[in-house]
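The first residue in the sequence is number 1, and the count goes up from there.
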Amino acid sequence: MLVTLDAPYVDTSAADLSLARDDAERPALHVLDLDLPGAIRLELRLLGASHQVVLRAGDVVLTETVACLPGRPPELPATVLDEAAGYRFAAAVLRPPAAGLRDRVAALRAELADDAFALVGVFPGDADAVTALAVRPEPGGGAVAWRTWHTYPQTNELVLTETVVTLR
């Protein structure tokens, strides 16, 4: 699902992002509610300052926020592995050459625009200022997985994240 957001673009660069787990639900500009097999419910939330995913499965509630978070030092780890919680997170910051960012954003928008398991938010003022989330509805092995993309045209950065939660 492709949506144009009615909010100013807040993020400034990849260096301003933080990861917070089990954070409070933050005000969202747009939410996509998904019911997945196995009584799993996901909320994909576009924030004015990036994204939040809320996972509910039985008595498991997990919240992942990747955003510019006031009062929290910016720190986006390359990896997080919490075996006890069944949580695996990876992030990478890319700086594509020349028109590479524009091409990647165009391809991402085309790929995810009609995907029922994806949410793409375009910020006003720059068609390449995008936050996107996509769920793999059945990754197998009792897991739920999602990917995100955060683009920063002003710094020519693309932040990619991938999360896998194994439910027990």
Side-chain angles (χ1 to χ4, degrees), residues 1-14 16-57 60-69 76 80 87-94 96 101-140 143-154 157-167:
M1 172 189 303
L2 181 66
V3 296
T4 299
L5 301 171
D6 185 22
Y9 187 56
V10 174
D11 293 339
T12 57
S13 74
D16 295 327
L17 293 175
S18 296
L19 169 67
R21 289 177 42 209
D22 299 323
D23 192 24
E25 288 187 31
R26 296 185 174 265
L29 300 173
H30 198 88
V31 178
L32 177 62
D33 290 310
L34 296 172
D35 290 314
L36 303 178
I40 298 168
R41 185 158 178 78
L42 273 181
E43 287 181 22
L44 305 182
R45 304 169 60 82
L46 292 173
L47 309 179
S50 291
H51 89 262
Q52 186 173 61
V53 176
V54 179
L55 165 69
R56 292 181 176 87
V60 173
V61 177
L62 180 138
T63 304
E64 173 188 277
T65 308
V66 173
C68 299
L69 298 170
L76 185 64
V80 173
Y87 180 84
R88 186 175 75 224
F89 172 88
V93 179
L94 306 177
L101 182 66
R102 173 157 287 149
D103 294 343
R104 283 182 155 219
V105 170
L108 180 68
R109 289 172 64 159
E111 176 187 347
L112 299 180
D114 296 322
D115 186 334
F117 295 97
L119 179 58
V120 180
V122 181
F123 288 87
D126 192 331
D128 294 331
V130 168
T131 298
L133 303 94
V135 174
R136 288 185 293 178
E138 297 182 40
V144 179
W146 58 86
R147 296 176 296 156
T148 72
W149 299 260
H150 304 260
T151 63
Y152 302 94
Q154 69 279 18
E157 294 174 305
L158 172 60
V159 178
L160 308 171
T161 75
E162 184 168 8
T163 302
V164 178
V165 179
T166 303
L167 301 168

Engineer: For a quick test of reading the model, state the closest non-hydrogen atom pair linking Leu47 to Pro27 and the distance between them.
Structural biologist: CD2-O, 3.3 Å
Engineer: Indicate the atoms forming the closest heavy-atom contact of Cys68 with Leu17, along with that distance.
Structural biologist: N-CD2, 4.0 Å
Engineer: Tell me, do Val53 and Leu133 make a side-chain contact under 4.5 Å, heavy atoms counted?
Structural biologist: yes
Engineer: Hey, mind stepping through Thr163 and Tyr87 against side-chain contact (heavy atoms from CB on, under 4.5 Å) and telling me if it holds?
Structural biologist: CA-CA 7 Å; Thr163 302; Tyr87 180 84; 3.6 Å; yes
Engineer: Cut-off 3.5 Å, side chains only: do Thr63 and Gln52 have a donor facing an acceptor?
Structural biologist: no
Engineer: Could you report the tightest heavy-atom contact between Ala57 and Leu167, atom names first, then the distance?
Structural biologist: CB-CD1, 3.9 Å
Engineer: Salt-bridged, Arg136 to Glu162, with N to O below 4.0 Å?
Structural biologist: yes
Engineer: Could you go through the side-chain hydrogen bond (donor to acceptor under 3.5 Å, both in side chains) check for Thr131 and Ser50 one step at a time?
Structural biologist: CA-CA 6 Å; Thr131 298; Ser50 291; 4.7 Å; no
Engineer: Without swapping roles, check the side chain of Glu157 against the backbone of Tyr152 for a donor-acceptor pair under 3.5 Å.
Structural biologist: no
Engineer: Ignoring hydrogens and angles, tell me if any N or O in the side chain of Arg45 forms a donor-acceptor pair with the backbone of Arg26 under 3.5 Å.
Structural biologist: yes
Engineer: With heavy-atom distances below 4.5 Å as the criterion, would you say the side chains of Leu94 and Leu160 are in contact?
Structural biologist: yes
Engineer: Can you find a pair of side-chain heavy atoms, one from Arg56 and one from Val54, that are under 4.5 Å apart?
Structural biologist: yes
Engineer: Go through the steps for Glu64 and Arg88 under the test salt bridge (charged side-chain N to carboxylate O under 4.0 Å, His left out), then give the verdict.
Structural biologist: CA-CA 11 Å; Glu64 173 188 277; Arg88 186 175 75 224; over 6 Å; no
Engineer: Show your working on side-chain contact (heavy atoms from CB on, under 4.5 Å) between Val135 and Leu42 and close with a plain yes or no.
Structural biologist: CA-CA 9 Å; Val135 174; Leu42 273 181; 3.6 Å; yes
Engineer: Would you give me the side-chain donor-acceptor pairs under 3.5 Å for residues 30-40, sequence neighbours excluded?
Structural biologist:
residue : atom : partner : partner atom : Å
Asp35   : OD1  : Arg41   : NH1          : 2.7
Asp35   : OD2  : Arg41   : NH1          : 3.3

Engineer: Does the side-chain contact (heavy atoms from CB on, under 4.5 Å) test come out yes or no for Leu44 and Leu46, once each step is laid out?
Structural biologist: CA-CA 7 Å; Leu44 305 182; Leu46 292 173; over 6 Å; no
Engineer: Ignoring hydrogens, what is the shortest heavy-atom contact between Val159 and Ala14? Give both atom names and the distance.
Structural biologist: CG2-CB, 3.4 Å
Engineer: One pair to check against side-chain contact (heavy atoms from CB on, under 4.5 Å): Thr65 and Leu19. What are the steps and the verdict?
Structural biologist: CA-CA 6 Å; Thr65 308; Leu19 169 67; over 6 Å; no
Engineer: I'd like a table of donor-acceptor pairs (distance under 3.5 Å, sequence neighbours excluded) in which one partner is a side-chain atom from residues 104-127, with atom names and distances.
Structural biologist:
residue : atom : partner : partner atom : Å
Arg109  : NH1  : Ala127  : O            : 2.9
Asp115  : OD1  : Phe117  : N            : 2.7
Asp126  : OD1  : Asp128  : N            : 2.9

